[in-house]
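A short write-up of the structure that comes next.
Note that this is a predicted model, so its numbers are computed, not measured.
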Amino acid sequence: MPEVELSAGTIAYEDTGGEGPVVVFLHGLIMDGSVWRHVVEDLRRDYRCVLPTLPLGGHRLPMRESADLSMRGIADIVGDFIAGLDLDGVTLAMNDWGGGQLLIGGDHDERVSRLALCSCEAFDNVPPKGAARTLPYIALLPGGIAGALMPFRFHRLRRLPMTFGPMTKRPVPRDVMDRWFAPALAQREIRRDLRKYVLSSAQGRRDLLAAAESLRSFDRPALVAWAAEDRLMPREHGARLAELLPQGTLVEIADSYTLIPEDQPAKLASCLRELLSR
């Protein structure tokens with residue numbers, strides 16, 4: 001994977017290349033851009049797809065010890081990444097993690113031409129509903145993050161209601177989940193980075209709530225794609241986001257939990273193509 005050096009550390013990324021419009025895909029906690037693999041396979045013939053691995057636990061390169069890994073800090077990393085690659089006219093697509101919303105109205109806002117919010121954190125839903133709500137308390141305990149990750153060593157435990165079960169209706173392939181969890185299971189420095197993010201959840205919630213009003217200024221094409229059966233991201237949040245965005249279009253995706261790129265990639269790719277045509 002190519003890498004780009006930023007002030008916070010080194011970010012690895014995938015890039016399909018090509019001359020088409022650029023789509024930057026953002027992923028959630030303890031995963032990487034491979035969550036978008038089926039969507040990218042559909043779009044790559046017409047669009048340049050760029051997938052940074054954010055320092056959210058699935059990254060293989062630890063950040064600098066001084067790096068700000070709060071939600072705001074990681075949003076700044078995304079902005080610096082886009083600027084570092086000199087990407088303009090970007091369609092910014094996010095799923096699960098909602099921190100990309102903090103770029104709107106900020107220093108890198110002018111580089112974003114379209115926005116796709118796909119069943120992601122919004123308003124006060126940080127950490128999102130479900131087992132993730134306990135992570136900030138677990139992270140306060142010595143070795144807490146390492147203990148919370150232990151069930152993910154075992155494939156059969158990954159689909160439990162208290163682990164990854166509520167994220168997808170269909171099992172994520174074992175090799176994909178192995179890739180997601182390997183860095184945090186193996187490297188103390190990755191767990192350190194993950195812990196920093198988790199412990200900043202309260203500030204992330206405040207920042208995301210404050211950023212909601214900034215969405216009113218994003219007078220550019222926007223898609224809100226929400227999973228109709230989402231267990232973690234409140235259904236009403238999708239409607240609220242679409243109302244805030246002046247050009248927001250709400251699409252409910254049937255037969256899917258939070259990770260729409262896993263459960264309904266063809267439908268999501270179709271929605272993104274419609275957004276990119278606007």
Atom pair [atom1]/[atom2] of [X] and [Y] - distance to nearest 0.5 Å:
X	Y	atom1	atom2	value
Gln187	Leu194	CD	CG	12.5 Å
Trp180	Leu29	CH2	CG	11.5 Å
Asp46	Leu276	CG	CG	9.5 Å
Cys120	Leu241	SG	CG	6.5 Å
Tyr257	Phe164	OH	CZ	13.5 Å

Answer yes or no: is there a side-chain heavy-atom contact under 4.5 Å between [X] and [Y]?
X	Y	result
Thr53	Ile11	no
Val39	Pro265	yes
Ile190	Arg60	no
Trp226	Ile253	no
Leu26	Pro52	yes
Asp207	Met71	no
Leu69	Ser200	no
Glu41	Cys49	no

[X] side chain to [Y] main-chain N or O, any donor-acceptor pair under 3.5 Å?
X	Y	value
Asp88	Val22	no
His27	Leu54	yes
His237	Arg235	no
Asp178	Ala182	no
Thr163	Arg158	yes
Ser113	Val90	yes
Arg191	Ala184	yes
Lys267	Pro261	no
Arg111	Leu87	yes

Less than 4.0 Å between a side-chain N and a carboxylate O, is that true for [Y] and [X]?
X	Y	value
Arg133	Glu121	no
Arg205	Asp124	no
Asp68	Lys196	no
Asp193	Arg188	no
Glu189	Arg192	no

Give me the atom names and distance for the closest heavy-atom approach of [X] to [Y].
X	Y	value
Pro234	Lys129	CG-CD, 3.9 Å
Cys271	Leu223	CB-CD2, 3.9 Å
Leu102	Ala75	CB-CB, 3.8 Å
Val126	Ser201	CG1-O, 3.8 Å
Leu232	Pro128	O-CB, 4.0 Å
Arg273	Tyr47	NH1-CE1, 3.7 Å

Q) What orientation do Phe81 and Tyr13 show, parallel under 30°, tilted 30 to 60°, or perpendicular over 60°? A) perpendicular
(Q) Does Arg240 qualify as a cation-pi partner of Phe123, given the criterion of NZ or CZ under 6.0 Å from the six-membered ring centre and within 45 degrees of its axis? (A) yes
**Q.** From CA spacing to verdict: side-chain contact (heavy atoms from CB on, under 4.5 Å), Glu14, Val40
**A.** CA-CA 11 Å; Glu14 297 180 60; Val40 168; over 6 Å; no
(Q) We want to know whether Thr10 and Glu5 form a side-chain donor-acceptor pair, criterion being a heavy-atom distance below 3.5 angstrom. (A) yes
Q.
Checking Asp230 against Thr258: is there a side-chain donor and acceptor pair closer than 3.5 Å?
A. yes
Q | Worked verdict on Arg220 versus Asp109 for salt bridge (charged side-chain N to carboxylate O under 4.0 Å, His left out) | A | CA-CA 11 Å; Arg220 283 155 270 176; Asp109 175 273; 2.8 Å; yes
Taking only distance into account, with no hydrogens and no angle test, what donor-acceptor pairs under 3.5 Å do side-chain atoms of residues 135-156 form with protein atoms, sequence neighbours excluded?
residue: Arg153; atom: NH2; partner: Leu185; partner atom: O; Å: 3.3

Q: Take Cys118 and Leu268 through the test side-chain contact (heavy atoms from CB on, under 4.5 Å) and record every step on the way to the result.
A: CA-CA 9 Å; Cys118 308; Leu268 184 54; 3.9 Å; yes
Q | Member of Met167, His38, Arg170, Glu229 meeting the side-chain contact (heavy atoms from CB on, under 4.5 Å) criterion with Asp263 | A | Arg170
Q) What's the verdict on side-chain contact (heavy atoms from CB on, under 4.5 Å) for Lys169 and Asp255, showing C-alpha distance, side-chain angles and the deciding distance? A) CA-CA 8 Å; Lys169 291 193 75 172; Asp255 194 24; 2.8 Å; yes
